[in-house]
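The next block holds one structure in the form of structure tokens; read it before the comments.
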Amino acid sequence: MSLPLPDSADDWGFETRAIRAGTERSAFGEHSEALFLSSSFVFEDAAEAARRFQNTEPGMVYSRFTNPSVQMFEARLATLEDAEDCVATASGMSAILALCLGHLKAGDEIVTTGSLFGATIQLFDNFMAKFGVGIRYVALTDPQAWKDAIGPNTKLFYLETPSNPLTEIADLQAIGEIAQKAGVLSVVDNCFCTPALQRPLRFPVDLVLHSATKYIDGQGRVLGGAIAGPRALVDPVRQVVRTCGPSLSPFNAWVLLKSLETLAVRMRAHSENALALAQWLEQQPAVARVLYPGLPSHPQHALAMRQQSLGGAIVSFELRAENSDQARERAWALVDGVRIFSVTGNLGDTRSIITHPGSTTHGRIPEEARQRAGITQGLIRLAVGLESLKDLKADLAMVSDSDWKRRKN
Ligand SMILES: Cc1ncc(COP(=O)(O)O)c(C=O)c1O
């Protein structure tokens with residue numbers, strides 16, 4: 001069950017839909033959406049209760065199934081992703097789990113890539129594999145490899161673009177077409193771009209998935225997730241959420257509804273700050289290379305700009321060093337030296353965040369595999385926030401020193 005959009009919503013611009021689509025007013029006529037903190041809902045009589053339970057009549061039953069605040073969030077996100085339907089979940093990971101439970105069975109195979117969020121890889125390798133689902137890993141940026149990996153049991157292509165932390169770009173048109181021709185379900189985690197910058201469903205992609213915890217909230221407050229796409233493909237996931245219970249809390253849905261109202265302006269501002277910082281970093285003597293899809297020097301800049309309207313907030317760069325030990329020492333000195341950038345495990349916040357992937361998010365991968373994946377010890381990931389650009393540059397000023405050793409000693 002999902003809420004119908006107002007008749008005019010299809011004609012509205014993105015910003016208008018982000019603020020107004022999906023709104024349902026109660027009898028009080030509140031201007032801002034109400035927060036419906038109720039675990040269950042009452043029925044007029046036994047016949048209405050029966051109809052609601054049998055799903056032959058739309059309406060609220062119990063907040064594990066449906067809740068007005070959650071439905072408003074689902075309806076609004078669906079229209080922003082150009083999707084027919086959307087189901088919200090408690091977190092991004094529960095969206096991925098519900099996707100797998102809804103669409104896969106023992107013996108099926110997932111084709112995916114190592115350039116994925118670490119917990120997604122663990123979910124596939126440690127849990128889906130336990131239930132007899134096979135996993136094949138291919139290079140994110142090589143559509144032919146995706147094609148070659150298809151076997152008789154392949155059911156799902158799963159990817160993120162841009163990737164974390166190297167900002168590699170997947171060709172959504174090419175990979176989507178390959179999946180479509182083979183009758184394989186294709187799913188794109190759009191949490192780095194959000195629909196403000198990239199709409200995967202405009203390509204031959206079946207479903208779009210979110211950790212709403214990241215830029216959809218954008219202010220580091222709540223966890224949430226969602227899957228959007230055609231009703232026939234969203235529905236199996238909705239049945240998992242209703243039955244198994246990884247439902248979004250009404251409070252988080254209400255916070256996320258407010259967040260969507262500012263999504264477009266936030267993503268533009270994140271991208272402007274990130275591009276300016278990336279351009280500045282490229283000029284700094286201590287920096288060997290900068291990875292940002294909005295920079296012409298990015299190896300897939302042209303592809304990124306065909307798929308994304310702007311580069312997003314994630315900028316990675318590598319510090320110059322003579323060897324791996326020195327690279328790590330310099331990266332840690334930079335992380336320890338900042339005062340504005342937060343040293344934290346999250347991203348997708350108005351507050352800028354600095355991470356050393358080699359010893360944190362990718363710290364448990366064996367050194368050789370890490371090197372192969374391009375996660376060197378000199379690599380730094382920034383999730384650029386909305387603070388003043390001059391303050392962010394001043395905070396990273398250590399990289400302007402051409403003689404790092406002299407400064408550090
Ligand atoms: C790309 C991506 N997908 C999914 C997730 C998981 O989301 P959550 O933490 O909301 O479960 C994350 C979390 O960092 C992520 O970065």
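All ligand and atom numbering here is 1-based and tracks the order in the structure. Nothing here was measured: the structure is a model prediction, and the numbers come from that model.
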Please report which non-hydrogen protein atom sits nearest to [atom], along with the residue it belongs to and the distance in Å to one decimal place.
atom	result
atom 7 (O) of ligand 1	Ser211 OG, 3.0 Å
atom 11 (O) of ligand 1	Met93 N, 2.8 Å
atom 15 (C) of ligand 1	Phe117 CG, 3.6 Å
atom 9 (O) of ligand 1	Lys214 NZ, 3.6 Å

*Atom indices of ligand 1 within 4.0 angstrom of Glu160 heavy atoms, with elements*: 1 (C)
*Below 6.0 angstrom between ring centroids: does that apply to His270 and Tyr215?*
yes
_Under 4.0 Å, heavy-atom basis, I'd like to know which part of Thr213 is in contact with ligand 1: side chain, backbone, both or neither._
side chain
_Can a donor-acceptor pair be found, under 3.5 Å and without considering hydrogens, that links the side chain of Arg136 to the backbone of Ala149?_
yes
*asked:* If we check ring-ring contact (aromatic ring centres under 6.0 Å, His included) with Tyr158, which of these qualifies: Tyr137, Phe124, Phe117?
replied: Phe124
*With the threshold set at 4.0 Å, does a side-chain nitrogen-carboxylate oxygen contact exist between Asp325 and Arg328?*
no
*Quick one: does Cys191 get within less than 4.0 Å of ligand 1, heavy atoms only?*
yes
*Within-shell test, Asp189 vs ligand 1, heavy atom, strictly < 4.0 Å*: yes
*Check whether the side chains of Thr344 and Arg351 place a donor and an acceptor atom closer than 3.5 Å, and report yes or no.*
no
